[in-house]
Amino acid sequence: MEKYTKHTSVAALMNRSNVDTDQIIAKQFLKKVERTGFGVHLFHDWRYLEDGTPNPEFELNKPEFSNAKILVAGDNFGCGSSREHAPWAIDDYGFNTIISTSFADIFYNNCFKNGILPIVVDADTLKSLMSEIAENEGVSFTVDLERQIVSTPAGLQVSFDIDGFRKNNLLHGLDDIGLTLGHTDKISAYEEKHKQQFPWLWAS
Amino acid sequence: MAKTMYEKIWDAHFVHQEPGQAALLYIDRHLMHEVTSPQAFEGLKMAGRGIRNTHSILATLDHCVPTKMADRLNLPDPIGAKQVQTMINNCKEHGLTLYDMQSKNNGVIHVVVPEHGFVHPGMTTVCGDSHTATHGAFGALAFGIGTSEVEHVMATQTLPQSKSKTMLVNVNGTLSKYSTAKDIALAIIGKIGTAGGNGYVIEYAGEAIKALSMEGRMTLCNMAIESGARAGLVAPDQKTYDFLKGKEFAPKGDAWDQAKAYWQSLPSDANATFDHIVELDASDIAPQVTWGTSPEQVVPVNAVVPSPDDFDSEGKQIACKSALEYMGLHSGTQMTDLEIDFVFLGSCTNSRIEDFRAAAEIAKGTSVPDSVTAIAVPGSYMVKEQAEQEGLDKIFTDAGWEWREPGCSMCLAMNGDQLKPGQRCASTSNRNFEGRQGKGGRTHLVSPAMAAAAAAAGRFVDIRQLEQA
Ligand code: SF4
């Protein structure tokens, strides 16, 4: 997983509440064999017209937001099923940060497994951030994970909470597997013991 | 301190635990099929990681594969074909053993793995598939995992796990000759419910379990997951050793004696304590039929379709009502009056040679009515070959059944074999969920003998009455 430290990127505005995982990635795309490549299907039903061309009405299709890494969205983002395809799609599309007042629990956890930082802010702060984008589409925010601060050109300094363990994993680009691999010496030591105790399992 | 078998296996596989985090458990065996593994391989590649122990993995193609030879040679579903090809490529790239469609070892993962003695007592075994519990029949701790976990196991040979509670299900007494391991499994789920096993690993014990064949124990453990349990276990005994001896992956020579000595140390200590104990008497277990859309909605075949009033909790009353509606049933109808359209003999629950023998015994000399389609889908090519040697295929085809190639087939209806809306099916599989065997399809879970009797009569039959007739 890529390390998440500090970056300044375009913030896209999605002023909708209860965006669920079915909308994030519709079920007809779950049969894919890859983990990558879900980005083109992100928000499919909103994003494309019947004939498959981009829907000009859909906010993320605005050219100002085309390189956004930060998504600022309404309450309760990511509700619905537990499919990990949702964060896969978000990551693959190019977002690494989502700011909202609240996230569905499983989705929130799944974000960290995929190097995405979900930031919870209060309702007033969200409103301020949203209006700053609305007034100046294409504006960039700076997210500093180390200091736990989002800063904006208009001078907002928003501090946010994050579990220390998760923060550390993001900062060092550690996923669950990365963490376990941090114990490789212990696994190897166990395997040596295992080989002696159960040699028939290792005879090839 | 006295330990249960689960605790012994856990302790033997404990690698490490960081404060405040789950324990890392070492994984001995990793089983794979084409549907739940592709993203895990992709994830490994993206992170530049390799597979820690390629010898721990055995893979097969089963979920998407057609059961008609012509379709196997030319897969009709492009998405299924891609999943199949991806599995083949991934296995080739990493040097993994794959029983592909051309292999004489091909079949449903939970059927082929025991055929080759790949899982032994005391092993930790995982697969991206909930019916991995099957291998608990050998006294192995076997459970299903998600795609991220598949990747985790490939990369690290371990899995973060929290310890389950232990449940002992004691089935004493003797089973009547008409009832089978499937009926025990359904009766247990009927008793404790599909959430009864939540948070537990179940150990099945008692006279009736000891009396089961290895095939029967696999059927029983296979459905542990349907009671909500993480895994099911049966203590290894002489039957287990006899089954494994001489199999491809079983220990040989001195190693066999060494392994066996270890296996003999695995059964729960006499005074070990379980968090929960359930008792059943096998002699009370009649052939079972599910009537609803959850395996716990089950009755003896001589019973009637229940009514919501038969249940004391509001949740179960509502569940009953909606199941009756989906299944197109009326309370009070005799189960034996229900006419069927389809019979599916197969799935990792009931597609081993013993199952085909039991079904053939009943199917012999019968004839499937025109209104009914009956398909027999062996769990593997080894089962198919054995059945053909014994002439069982002839018995089925003479009776009007279709004799198919192996695969998961209509257990989850991903390969094209499926029910049409409203069709009623007597099925030897494990899940009767809405739409499981095709949109709008109505599934009744039964044993192989019960399925064969239903195929002959076009409705459910109390097989205990067959001989008297
Ligand atoms: S037969 Fe059914 S339950 Fe068994 S592995 Fe295949 S789909 Fe899953």
Side-chain angles (χ1 to χ4, degrees), chain A residues 1-2 25 28-38 81-85 87-89 91-92 106 109-115 163-166 168-169 173-204, chain B residues 12-16 18 20-21 24 26 28-29 34-35 37-47 49 52-53 55-56 77 79-80 82-87 89-90 120 122-123 146-149 151-160 249-256 258-259 262 414:
Chain A
M1 230 162 60
E2 253 178 69
I25 184 78
Q28 64 265 36
F29 305 115
L30 302 185
K31 273 198 175 178
K32 282 175 64 85
V33 295
E34 301 89 7
R35 179 178 299 217
T36 45
F38 286 97
S81 88
S82 63
R83 62 186 66 152
E84 207 169 314
H85 304 71
W88 291 346
D91 171 56
D92 190 59
I106 300 172
N109 290 328
N110 278 339
C111 280
F112 289 100
K113 278 193 193 166
N114 291 282
D163 169 79
F165 177 67
R166 286 183 159 141
N168 188 55
N169 291 348
L174 298 172
D175 52 8
D176 278 2
I177 299 176
L179 279 178
T180 300
L181 287 173
H183 301 302
T184 299
D185 53 334
K186 299 197 180 73
I187 298 172
S188 300
Y190 173 89
E191 267 174 355
E192 282 313 308
K193 209 177 71 185
H194 193 271
K195 276 178 193 163
Q196 276 162 21
Q197 202 181 354
F198 312 110
W200 64 91
L201 292 184
W202 295 86
S204 52
Chain B
H13 291 85
F14 177 89
V15 174
H16 177 68
E18 287 285 307
Q21 291 177 41
L24 275 187
Y26 193 76
D28 296 317
R29 291 294 195 236
E34 73 276 23
V35 176
S37 61
Q39 277 98 4
F41 280 103
E42 167 103 6
L44 273 190
K45 188 180 276 175
M46 283 164 61
R49 290 171 179 144
R52 187 166 174 97
N53 181 1
H55 295 293
S56 69
D77 169 21
I79 299 172
K82 184 154 184 212
Q83 281 185 323
V84 163
Q85 194 52 49
T86 306
M87 186 87 234
N89 296 347
N90 283 330
H120 313 163
M123 279 182 166
T147 298
S148 288
E149 292 172 309
E151 185 181 339
H152 198 118
V153 174
M154 284 201 279
T156 71
Q157 213 58 42
T158 65
L159 210 53
F249 295 100
K252 310 262 154 44
D254 286 351
W256 171 266
Q258 206 179 349
Y262 173 64
M414 212 175 158

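In what follows, every heavy atom counts, from backbone to side chain, and hydrogens, waters and symmetry copies are set aside. In what follows, chains carry the letters A, B, and so on, assigned in the order in which the sequence lines appear, proteins first and then strands, with residues in each chain numbered from 1.
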With a 4.5 Å cut-off on side-chain heavy atoms, are B:R49 and A:I177 touching? yes
Per-pair distances, 0.1 Å, donor-acceptor, side chain in residues 193-201 of chain A, under 3.5 Å, sequence neighbours excluded:
from	atom 1	to	atom 2	distance (Å)
A:H194	ND1	A:W202	NE1	2.9
A:H194	NE2	B:D28	OD1	2.8

Pairs where residues 176-186 of chain A contributes a residue and the test side-chain hydrogen bond (donor to acceptor under 3.5 Å, both in side chains) is met, not counting sequence neighbours: A:T180-B:H152
Can you tell which part of B:T158 gets under 4.5 Å to a heavy atom of chain A, answering side chain, backbone, both or neither? side chain
Pick from B:H120, B:M46, B:E151: which one has the most heavy-atom pairs with chain A under 4.5 Å? B:E151
Can you say whether B:D254 sits under 4.5 Å from chain A via the side chain, the backbone, both, or neither, judging by heavy atoms? neither
B:A47, part contacting chain A, at a heavy-atom distance under 4.5 Å: neither
Go through the atoms of B:Q39 and report whether side chain, backbone, both or neither lie under 4.5 Å from a heavy atom of chain A. both
Do B:Y26 and A:E191 touch side chain to side chain, with heavy atoms closer than 4.5 Å? yes
Quick check on the interface: out of B:R29, B:Q83, B:R52, who has the most heavy-atom pairs with chain A under 4.5 Å? B:R52
As a test of understanding, state which of B:M87, B:Q85, B:K82 forms a side chain to side chain contact (heavy atoms under 4.5 Å, CB included) with A:V33. B:K82
Is it true that the side chains of B:T147 and A:E84 contain a donor and an acceptor less than 3.5 Å apart? no
Which region of B:F14, side chain (C-beta onward) or backbone (N, CA, C, O), has a non-hydrogen atom less than 4.5 Å from a non-hydrogen atom of chain A, or is it both or neither? backbone
